[in-house]
Amino acid sequence: MSVMRKRIAEHMIVSRRTSAHVHSVFEVNFFRVAKVREARRTDYEKAGTKLTYLSFIIKAASDALKAVPIVNASIDNDNVVYHRDVNIGIAVALDWGLIVPVIKHADRHDLLGLSRAVADLATRARAKQLKPDEVAGGTFTITNPGVFGALLGMPIINQPQVAILGVGAVEKRPVVIDDAIAIRPMAYLTLGYDHRLIDGAVADQFMSHMKHTLETWDTSQS
């Protein structure tokens, strides 16, 4: 094993031993998000970046973390530590392992800012140009197995955080809308959470907030 592989192995085993892992899966309709992506694609390309589904998901997660702050917390012995900052780690797959750069104050970014941050951190991660503080201080993590075609995943919590979001592939599927069958871009979002602190009702409240944000996105705005 490489040094990175050993550290990943140790981190994952510690997380399994530390947290009582539970997962909730929600199906999300990305129809309105897809409309915004298509309408703003050219504008974002002119700005030097791409408007991906992940940018919307990060924004929706940021809003949900503010609405349900216990998901943005951590456990210190018998104490619950609530974090004021929303620092979202984005798992980046590398040829030699996995790294999680962090978007600091993600809740303060708009879609363009998030798109630029994701592209920048991913590019520099693959070029081994990240600074130590850029992979530290995360309060919540998002991993995207869907980019490789996975419908869903059951991710392991990134300690000392208490929750992690797994993003499945966005693909067109037949769904029932107003008692009629329609084709819509759909995806499964999975929240892995620490049952020592977060109960199912709270986890589902967080996911419902995300689902509502994504499915009712104002198509007239970015």
Side-chain angles (χ1 to χ4, degrees), residues 7-8 10-24 26 54-92 98-122 124-125 130-144 153-167 189-214:
R7 288 178 179 172
I8 292 172
E10 292 168 357
H11 194 57
M12 295 299 97
I13 292 297
V14 167
S15 184
R16 278 296 192 186
R17 289 174 177 169
T18 301
S19 296
H21 280 69
V22 184
H23 294 84
S24 293
F26 274 56
L54 183 58
S55 299
F56 290 90
I57 292 167
I58 297 170
K59 183 62 176 174
S62 299
D63 292 345
L65 289 170
K66 300 292 284 188
V68 190
I70 199 167
V71 182
N72 196 52
S74 60
I75 298 175
D76 181 12
N77 293 318
D78 293 331
N79 299 313
V80 179
V81 180
Y82 287 86
H83 301 290
R84 293 180 179 178
D85 296 337
V86 175
N87 299 333
I88 297 182
I90 306 298
V92 177
L98 180 73
I99 196 167
V100 186
V102 177
I103 301 175
K104 302 293 177 64
H105 307 293
D107 55 317
R108 301 180 188 176
H109 292 276
D110 58 12
L111 279 177
L112 179 58
L114 290 172
S115 298
R116 285 173 168 165
V118 169
D120 172 61
L121 290 172
R124 290 193 292 114
L130 290 176
K131 300 175 183 177
D133 67 314
E134 292 179 312
V135 292
T139 60
F140 183 80
T141 295
I142 297 176
T143 182
N144 187 15
M154 298 292 176
I156 297 175
I157 296 166
N158 187 12
Q159 297 295 327
Q161 299 165 25
V162 294
I164 183 171
L165 184 74
V167 179
L189 302 185
T190 303
L191 184 72
Y193 56 95
D194 190 339
H195 207 345
R196 294 179 303 161
L197 183 62
I198 300 172
D199 293 326
V202 176
D204 290 347
Q205 180 185 356
F206 173 86
M207 292 297 285
S208 294
H209 194 288
M210 278 200 67
K211 179 181 173 74
H212 180 266
T213 299
L214 291 166

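What you see below is based on every heavy atom in this structure, not just the backbone, and it leaves out hydrogens, waters and symmetry mates.
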- Could you give me the CA-CA distance, side-chain angles and deciding distance for L114 and F56, then say whether side-chain contact (heavy atoms from CB on, under 4.5 Å) is met? CA-CA 9 Å; L114 290 172; F56 290 90; over 6 Å; no
Once you round to the nearest 0.5 Å, how far does [atom1] of [X] lie from [atom2] of [Y]?
X: I88; Y: I57; atom1: CD1; atom2: CD1; answer: 11.0 Å
X: L191; Y: M210; atom1: CG; atom2: CE; answer: 9.0 Å
X: I157; Y: I164; atom1: CD1; atom2: CD1; answer: 8.0 Å
X: L130; Y: D120; atom1: CG; atom2: CG; answer: 8.5 Å
X: K59; Y: S55; atom1: NZ; atom2: OG; answer: 11.5 Å
X: I90; Y: I103; atom1: CD1; atom2: CD1; answer: 4.5 Å

For a quick test of reading the model, state the closest non-hydrogen atom pair linking [X] to [Y] and the distance between them.
X: V92; Y: L98; result: O-CD1, 3.3 Å
X: I198; Y: A203; result: CG2-N, 3.8 Å
X: A73; Y: L197; result: CB-CD2, 4.2 Å
X: I75; Y: N77; result: CG2-O, 3.3 Å
X: G200; Y: H195; result: N-CE1, 4.4 Å

With sequence neighbours excluded, residues passing salt bridge (Lys or Arg N to Asp or Glu O under 4.0 Å) with [X]:
X: D63; result: none
X: R196; result: D194
X: K104; result: none

- Task: Mind checking side-chain contact (heavy atoms from CB on, under 4.5 Å) for H23 and listing every partner two or more places apart, or none if nothing turns up?
- Result: H21, M154, P155, T190
- Message: Taking side-chain contact (heavy atoms from CB on, under 4.5 Å) as the definition, give me every residue that meets it alongside M12, ordered by chain and number, with sequence neighbours left out.
- Response: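 Once residues adjacent in sequence are excluded, the partners of M12 under the side-chain contact (heavy atoms from CB on, under 4.5 Å) criterion are I8, I156.
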How would you list, by chain and number, every residue that makes a side-chain hydrogen bond (donor to acceptor under 3.5 Å, both in side chains) with [X], sequence neighbours excluded?
X: T18; result: none
X: T213; result: none
X: Q159; result: S15, S19
X: N158; result: H11, T141

- Item | Pairs flagged by side chain to side chain donor-acceptor pair (under 3.5 Å) wherever residues 80-89 is involved - sequence neighbours left out | S74-H83
- Judged by atom type as modelled, is there a donor-acceptor pair below 3.5 Å linking the side chain of Q161 to the main-chain atoms of G138? yes
- I would like to know whether L189 and V167 meet side-chain contact (heavy atoms from CB on, under 4.5 Å); could you show each step before the answer? CA-CA 5 Å; L189 302 185; V167 179; 3.9 Å; yes
Listing, residues 105-112 side-chain donor-acceptor contacts under 3.5 Å, not counting sequence neighbours, or none:
from	atom 1	to	atom 2	distance (Å)
D110	OD1	L112	N	3.3
D110	OD1	G113	N	2.7

- I142/L54 under side-chain contact (heavy atoms from CB on, under 4.5 Å): CA gap, chis, key distance, verdict: CA-CA 9 Å; I142 297 176; L54 183 58; 4.0 Å; yes
- Item | Residues forming a ring pair (Phe, Tyr, Trp, His ring centres under 6.0 Å) with F140, sequence neighbours excluded |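 By the ring pair (Phe, Tyr, Trp, His ring centres under 6.0 Å) rule, F140 matches F206.
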